[in-house]
Amino acid sequence: MAKNLVIVESPAKAKTIEKILGKDFEVKSCFGHIRDLEKDDMGIDIANNFKPKYVIPEDKEKVVKELKKLAKDTDEVWLATDEDREGEAISWHLCEVLNLDPKTTKRIVFHEITKPAIENAVQHPRKLDMDRVNAQQARRILDRIVGFEISPVLWRKMSMRNSLSAGRVQSVAVRLIVEREREINNFSSVSTFKVEAYFTGKDINGKSISFKADGPGKFKTAEDAEKFLEQCVGAAYTVKDIQVKPGKKSPAAPFTTSTLQQEASRKLGYSVSKTMLLAQKLYESGNITYMRTDSVNLSDTAVSEIEKAIKTSFGDKYHQHRKFKNKNESAQEAHEAIRPTYMENTTVDDSDTRKLYELIWKRTIASQMADAELEKTIAKIDISTNHEELSASGEVLKFDGFLKVYMESHDDEDETEEQEGSLPPLAVKQSLDLKEMKATERFSRPAPRYTEASLVKKLEELGIGRPSTYAPTITTIQKRNYVEKRDKEGVKRDFRILTLKADKITKLTDAENTGAEKSKLFPTDLGMIVTDFLNQYFNNVMDYGFTAKIEEEFDEIASGKKVWNTMISEFYSPFHKDVENTLENAERVKGERPLGVDAASGKPIVARMGRYGPMIQIGSVEDEEKPRFAKLKATQSIETITMDEAMELFKLPRNLGQFEDTDVIVNIGRFGPYAQHDKKFYSLKKEMDPYTVELDEVAPLIAEKRTAKDERTIKIFEKEKIQILKGPYGPYIKQGLKNYKIPKEKIDNAADLTVEEAKAIIEDVKANPPKKKAPPRKKKAE
DNA sequence: CAGTGAGCGAGCTTCCGCTTGACTT
């Protein structure tokens, strides 16, 4: 039994630290928080000054039991959880649960897992900081109050009440997406004409050259652009002036959780959850430092390792020592930036995580490298026939510096113009030959829809959410069906081009695809309706500055200037009044939008939310005739659907005619578009539009799927309703709607199974059901 | 697997942050 027990949050960290501290220290992990507010009845005694009721969650009982035992048998317990607010609270909960005296128990902290940092921490223990703990309790209690008081209001006031939720973080995240969508819907694009001139000639060395110059600003109309081109007819062009300016680019800071998620999304196309999963793997295998961090700081040991790596691989002049500071004030900096543990490992063996690792390696090494040096040249070109001038610019890289390994991407990358190339060497007063001059119509664009990663960036800027919650928050708002990630097809748009060539102007119209988006976040109708409701009744909590404001108060609690229950009480009184007022006065929300009157029946048509999602309704339930209903397509929304689009929806179900003497009927069901034939259902392929698809497309699909089904079937025992089927994990047994796993020893000759054997397997599985994730529910209705 | 759409109301849902598991039907 070791004399000292050190408790940290992460088990991977525990292993590393144990090696550093040696045999007198046993290092264990508590796996994050070990207690939380009780789930029933808020877990807060509001009348008793918001006294929290803490319980140990079921999945933490085991680790708590183990820690209790170890703590009892050891001379001294050291609390080494993270230094931030949450970490301090975890230490306090450990005191409470392990019966340690918070006034005397040793509390140590370090921001990096290096030998000097840890040894230094052990030499300078402090005591638990109760002010900081109280700031965390206030944070936790406020979040519980907001979430658990508003969510039930939604259950009462929304006509669709399936597990709706609201919270300080998630509701604001949805609001951002809803408002961006409306901004895009209300955006009217303005077109301008941009002039580009293409020149040919000889450079100062007599070499043939060609380059491009930009026109004088943008023209508002085609007429203005044409007038300018007319003015250029017969003109001579001369280089009037050449300016050369030096420039430089600096590397970005090393990765935090948020910037890692953004770059992995832009450069590798990963979702934020995929990035975090892979980063976790790299962390557990000891390849990178902790991946949930808001710090851009690198340890001194890391900095000198990086320096060494740069100097040996690239040479001394590529190194530049840098110390980055956090822009974000809400950062709590309990850890280092995300970096490779060993810089000498330029890659990893595992193919899944390799790309992400190499990204981290490059970003880290670039952050300590020299600036890239540029030379920007701007040549002004005089037009003899008018007072305007053209300008050509070029950029030359004089010294690559950090660009040798890494270039940060930007969200609007595909929308910016192509990289500027170099400009050929020109002389002042040199004359140039115009090959052609073009005025091209360009359209202004609305702000782009959020990607998962750009939403994280925005949330971080607003100080909302933490590194450990970015990915789960994005999952939650999609799971609640407030937001969905999807692609959007572009639409064709015509644009005009005026060309001046050989002193003649020609006009033509071309077409481009515009507005196509990939993996963007769209609000659902539900998301919009819930957001509008919350904005109306809970504008304080929905305010983008709300979190920043309460964070200031948490800071005051942490520095001992404010008492936590006072802060919570000041928040609670007006908030709870809002809750009661809403329960009493708010109408039940249906999200109705009238579209007009049905020409055929004279009945009103509305778009609205139904129990199963957005739909169109013709007529009302009071009418003698039942109303007609149609479900909106996945890409349509109550807010933007037109009358024509709505009427189009009533064309389903469609009878396509007969195949093998039986009708083929196409419709959209719970699982998407399908065809029905001979009492069987066949999902339509993605590219098949149920509104236009024809029989000759669907019939082969039916035939094909039928044989596929046959191939999947190994054996059928008709009477017992037992099937032996081929699944993605190999053969399995199916009886009724339930599947049963075939034992390993019989799986190779599944085709030879007899009825009796199959029955025996089913009985076996029933008697010893496969273990499921322990469902902590009390009772569940079947 | 492939329907529904009102209102009634039993019985249910819900937050944010800290950490990893145990698993395929």
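Predicted model, so just to flag it, every value in this text is computed and none were measured. Just the heavy atoms: all of them, side chains too, but no hydrogens, waters or symmetry mates, feed the values below. Order of the sequence lines sets the chain letters (A, B, ...), proteins ahead of strands, with each chain counted from 1.
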* Asked: Contact class for A:Gly167 (heavy atom, under 4.0 Å): base, sugar-phosphate, or nothing?
  -> sugar-phosphate

* To do: To the nearest Å, give me how far apart CG (A:Leu37) and C1' (B:dT14) are.
  => 13 Å

* **Non-hydrogen side-chain atoms of A:Val27 and A:Trp78 separated by less than 4.5 Å** => no

* Asked: Can you tell me how far C1' in B:dG9 sits from the matching atom in B:dT13, rounded to whole Å?
  -> 15 Å

* Taking only the side-chain heavy atoms of A:Val169 (C-beta and beyond), determine which of B:dC15, B:dG5, B:dC16 contains the nearest atom. => B:dC16

* Using a heavy-atom cut-off of under 4.0 Å over every strand shown, decide if A:Ala166 touches base, sugar-phosphate, or nothing. => sugar-phosphate

* Short side-chain N/O contact from A:Arg466 to OP1 or OP2 of B:dC18, under 4.0 Å -> yes

* To do: Have a look at A:Gln136 and say if it touches a base, only the backbone sugar-phosphate, or nothing, with a 4.0 Å heavy-atom cut-off.
  => nothing

* Using the P atoms only, state how far B:dC23 lies from B:dT19, rounded to an integer number of Å. => 24 Å

* **Length of the NZ-C1' vector between A:Lys13 and B:dT20, whole Å** => 14 Å

* With a 4.5 Å heavy-atom cut-off, do A:Ile605 and A:Ile616 have their side chains touching? -> yes

* Asked: Does A:Asp84 come within less than 4.0 Å of A:Arg132, counting only side-chain N to carboxylate O?
  -> no

* Asked: Picking from B:dG5, B:dT20, B:dT14, which would you name as closest to the side chain of A:Pro11?
  -> B:dT20

* To do: Round to a whole Å and report the spacing from OH of A:Tyr612 to C1' of B:dC1.
  => 15 Å

* Asked: Base, sugar-phosphate, or nothing for A:Glu149, non-hydrogen atoms under 4.0 angstrom?
  -> nothing

* Electrostatic pair A:Arg139:A:Glu86 at N-O distance under 4.0 angstrom -> yes

* Structure fact -> Nearest heavy-atom approach of A:Ser258 to A:Glu460 is OG-OE1, 2.8 Å

* A:Thr469 side-chain N/O to B:dC16 phosphate OP1/OP2 under 4.0 Å -> no

* Spacing of A:Leu649 atom CG relative to B:dG5 atom C1', expressed in whole Å -> 15 Å

* Would you say B:dT19 has OP1 or OP2 under 4.0 Å from some side-chain N or O of A:Tyr290? -> yes

* **Heavy-atom donor-acceptor pair, A:Arg140 side-chain to B:dC15 base, under 3.5 Å** => yes

* Asked: Taking CG from A:Asp84 and C1' from B:dT19, how many angstroms apart are they, rounded to a whole number?
  -> 13 Å

* Asked: Do the side-chain N or O atoms of A:Gln676 get closer than 4.0 angstrom to the phosphate oxygens (OP1, OP2) of B:dA2?
  -> no

* To do: Let me know the distance between CG of A:Asp40 and C1' of B:dG11, rounded to the nearest Å.
  => 14 Å

* Asked: Contact class for A:Tyr682 vs. all strands (heavy atom < 4.0 Å): base, sugar-phosphate, or nothing?
  -> nothing

* Asked: What's the closest nucleotide to the A:Asp82 side chain, out of B:dT14, B:dT4, B:dC18?
  -> B:dC18

* To do: Could you check A:Gln280 against A:Tyr290 for side-chain contact (heavy atoms from CB on, under 4.5 Å), going step by step and ending with a plain yes or no?
  => CA-CA 8 Å; A:Gln280 176 89 29; A:Tyr290 197 58; over 6 Å; no

* Using a cut-off of less than 4.0 Å, is there contact between a side-chain N or O of A:Arg292 and OP1 or OP2 of B:dT20? -> yes

* Report yes if a side-chain nitrogen or oxygen of A:Ser10 is closer than 4.0 Å to either non-bridging phosphate oxygen (OP1 or OP2) of B:dT20; otherwise report no. => yes

* Ignoring the backbone of A:Ser468, work out which of B:dT14, B:dC18, B:dG5 is nearest its side chain. => B:dC18

* Considering just the side-chain nitrogens and oxygens of A:Ser151, establish if one lies under 4.0 Å of OP1 or OP2 belonging to B:dT13. => no

* **Side chain proximity check, A:Ile90 to A:Cys30, heavy atoms < 4.5 angstrom** => yes

* Under 4.0 Å between a side-chain N or O of A:Arg480 and OP1 or OP2 of B:dT14? -> yes

* Looking across every strand, which nucleic acid part, if any, lies under 4.0 Å from A:Ser29 by heavy atom: base, sugar-phosphate, or nothing? -> nothing

* From B:dG17, B:dT19, B:dT20, nucleotide with atom closest to A:Glu9 side chain -> B:dT19

* To do: Could you tell me whether A:Pro627 contacts a base, only the sugar-phosphate backbone, or nothing, with contacts defined as non-hydrogen atoms closer than 4.0 Å?
  => nothing

* Asked: With nearest nucleotides of DNA chain B determined for A:Arg144 and A:His335 from heavy-atom distances, which residue corresponds to the more 5′ nucleotide?
  -> A:Arg144

* Ring centre gap for A:Tyr674 and A:Tyr682 strictly below 6.0 Å -> no

* Is A:Trp155 stacked on the base of B:dT13 when the test is centres under 5.5 angstrom and planes under 30 degrees? -> yes

* Asked: Considering only B:dG21, B:dT13, B:dA6, which nucleotide approaches the side chain of A:Arg608 most closely?
  -> B:dA6

* To do: Return the value, rounded to whole Å, for the distance between atom CD of A:Gln617 and atom P of B:dT4.
  => 15 Å

* Structure fact -> Among B:dT13, B:dG21, B:dT19, the one nearest any side-chain atom of A:Ser163 is B:dT13

* Describe the nucleic acid contact of A:Gly87 in one word from base, sugar-phosphate, nothing, applying a heavy-atom distance below 4.0 Å. => nothing

* **Nearest-angstrom distance from the residue atom CZ of A:Phe31 to P of B:dA22** => 9 Å

* State whether the distance check finds a donor on one side and an acceptor on the other, under 3.5 Å, for side chain A:Arg139 versus base B:dC16. => yes

